[in-house]
There are 2 protein chains.
Amino acid sequence: MTTLLQKADRQLRSQGGRMTSQRRIILEALDCLNCHPTAEEVYDTVKLRDQSINLSTVYRTLRWLEQEGLISARRFAEDGRQDRFDPMLPSEHYHFLCTECKEVIEFDHPAIESICSSFEQNSRAAVQSVSFVLYGLCPNCQSRRKN
Amino acid sequence: MTTLLQKADRQLRSQGGRMTSQRRIILEALDCLNCHPTAEEVYDTVKLRDQSINLSTVYRTLRWLEQEGLISARRFAEDGRQDRFDPMLPSEHYHFLCTECKEVIEFDHPAIESICSSFEQNSRAAVQSVSFVLYGLCPNCQSRRKN
DNA sequence: TAGTTATTGCAAATCGTTTGCAGTAACAGG
DNA sequence: CCTGTTACTGCAAACGATTTGCAATAACTA
Ligand SMILES: [Mn+2]
Ligand SMILES: [Mn+2]
Ligand SMILES: [Zn+2]
Ligand SMILES: [Zn+2]
């Protein structure tokens, strides 16, 4: 399993880009920050290692990774209006967002694809991408609420 | 079929609110503006009837309608970061957004609900709401692109 | 080791939306 | 109708998330 840092390095090499210390720190943060962080969350993590790094550098790096197809930006409702960044997995997947703690759970379901094709047939529209997001309470927040 | 204007009127009456000329114009705009307008689109429409109406009044009215459960706000990816407003239909439904002309097509599919319950069982999370959005090209934009 | 230029930090701009405030106009009651 | 109370308005300024212009810096190349 190749890390984001490795993928980005290869990408940079092939286009005359430069691997800066800031980029390395951001990429390493993304690699160990498991889930679906906001830019602020990445920024907070990265600042622990380099106090002088700037939020706009974080954004520029994230947007570059997005352009290169190495991560994708997602915007969930019921989660303010900030973007969350998702390491691009090899397979399509969908999300559950806990409205309380903002935890994201990924899942997949075979029926989703067939819903798309049945919609395509009925509407004659061409589907290019799918966003399926469930909102609710994760197991933890449910039990926390009962108390 | 009761119009939004009628529903809002009833709601206002029951809570000491006032039916102003601005609200009437906005509600009438929403009633004939068929689909899923942004606040700006509503604003542009109402300005034709009342030059002096203010964008913040449009927002305040839309948010009030949202709170009253008469419309809902939706945020689609690939559509900038503005909200779109959806007259609350009696039944749950889902959306297709044309990435080119921003037309919205509504649809439903019986399998969607069973996907939710199967996710609930596997994850032990409690699903409260669902957002299912397809992105792609509507029939019109497809043929326009072929030429 | 020096030169080219991609990348940075910073501050200011942007975009969609919200808010504080003083003035205006609904509408209830006389 | 007239009047008083106060919900609602327009305006301007604040907002949060993100983007951008620019001059200084630091990767890489040769
Ligand atoms: Mn994901
Ligand atoms: Mn709709
Ligand atoms: Zn939770
Ligand atoms: Zn279209």
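Numbered from 1 within each chain, the chains take letters A, B, ... in sequence-line order.
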Practice task
Give the rounded distance in Å between these two atoms: CZ of A/R84 and P of D/dA17.
Solution key: 11 Å
Exercise for the section: Establish, from distance only, whether the side-chain atoms of B/R60 and B/S56 form a donor-acceptor pair under 3.5 Å. Expected result: yes
Problem - Phosphate OP1/OP2 of C/dT8: any A/N54 side-chain N/O under 4.0 Å - result: no
Handout entry: Shortest side-chain distance from B/A39, nucleotide among C/dT17, C/dT7, C/dG9
Key = C/dT17
Problem - A/D50 CG - D/dA26 P separation (whole Å) - result: 11 Å
Problem - Given C/dT18, D/dG10, C/dG16, the nucleotide with the shortest approach to the side chain of B/Q82 - result: C/dG16
Handout entry: Atom-pair distance (CD on A/Q15; P on D/dA27), nearest Å
Key = 18 Å
Exercise for the section: Report yes if a side-chain nitrogen or oxygen of B/R23 is closer than 4.0 Å to either non-bridging phosphate oxygen (OP1 or OP2) of D/dC8; otherwise report no. Expected result: yes
Practice task
Select base, sugar-phosphate, or nothing to describe what A/I53 touches, counting heavy atoms under 4.0 Å on all strands.
Solution key: sugar-phosphate
Completion exercise
Of A/G17 and B/L55, the one whose closest nucleotide on DNA chain D sits nearer the 5' end is B/L55
Exercise for the section: Could you check whether A/S56 gets within reach of a base, just the sugar-phosphate, or nothing at all, counting any heavy atom under 4.0 Å? Expected result: base
Practice task
Dump the intermediate steps for side-chain contact (heavy atoms from CB on, under 4.5 Å) on B/R144 and B/C141, then the final yes or no.
Solution key: CA-CA 5 Å; B/R144 210 173 295 137; B/C141 289; 3.5 Å; yes
Practice task
Figure out the OH/P separation between B/Y59 and D/dT9, and round it to whole Å.
Solution key: 16 Å
Completion exercise
Here the distance between atom P of C/dT7 and atom CZ of A/R63, to the nearest Å, is 18 Å
Problem - Short N-O contact, B/R145 and B/E100, less than 4.0 angstrom - result: yes
Exercise for the section: Between D/dT20, D/dA27, C/dG16, spot the one nearest the side chain of A/R18, thanks. Expected result: D/dA27
Handout entry: Length of the line joining A/W64:CH2 and C/dA6:C1', which is rounded to integer Å
Key = 12 Å
Exercise for the section: Identify which nucleotide among D/dC8, C/dT18, C/dT8 has an atom closest to any side-chain atom of A/R60, counting heavy atoms from C-beta outward. Expected result: C/dT8
Practice task
Send over the distance from B/D79 CG to C/dT17 C1', rounded to a whole Å.
Solution key: 15 Å
Practice task
Please determine if a side-chain N or O atom of A/T20 lies less than 4.0 Å away from the OP1 or OP2 oxygen of C/dT8.
Solution key: yes
Practice task
Rounded to the nearest angstrom, tell me the gap between atom CD in A/Q51 and atom P in C/dG9.
Solution key: 12 Å
Exercise for the section: Please tell me which of B/E40 and B/M19 maps to the more 5' nucleotide of DNA chain C, matching each residue to the nucleotide holding its nearest heavy atom. Expected result: B/E40
Problem - Partner of B/L27 by side-chain contact (heavy atoms from CB on, under 4.5 Å), out of B/D9, B/L65, B/T3, B/L70 - result: B/L65
Practice task
Look at the side-chain N and O atoms of A/Q22 and state whether any lies under 4.0 Å from the OP1 or OP2 oxygen of C/dG9.
Solution key: yes
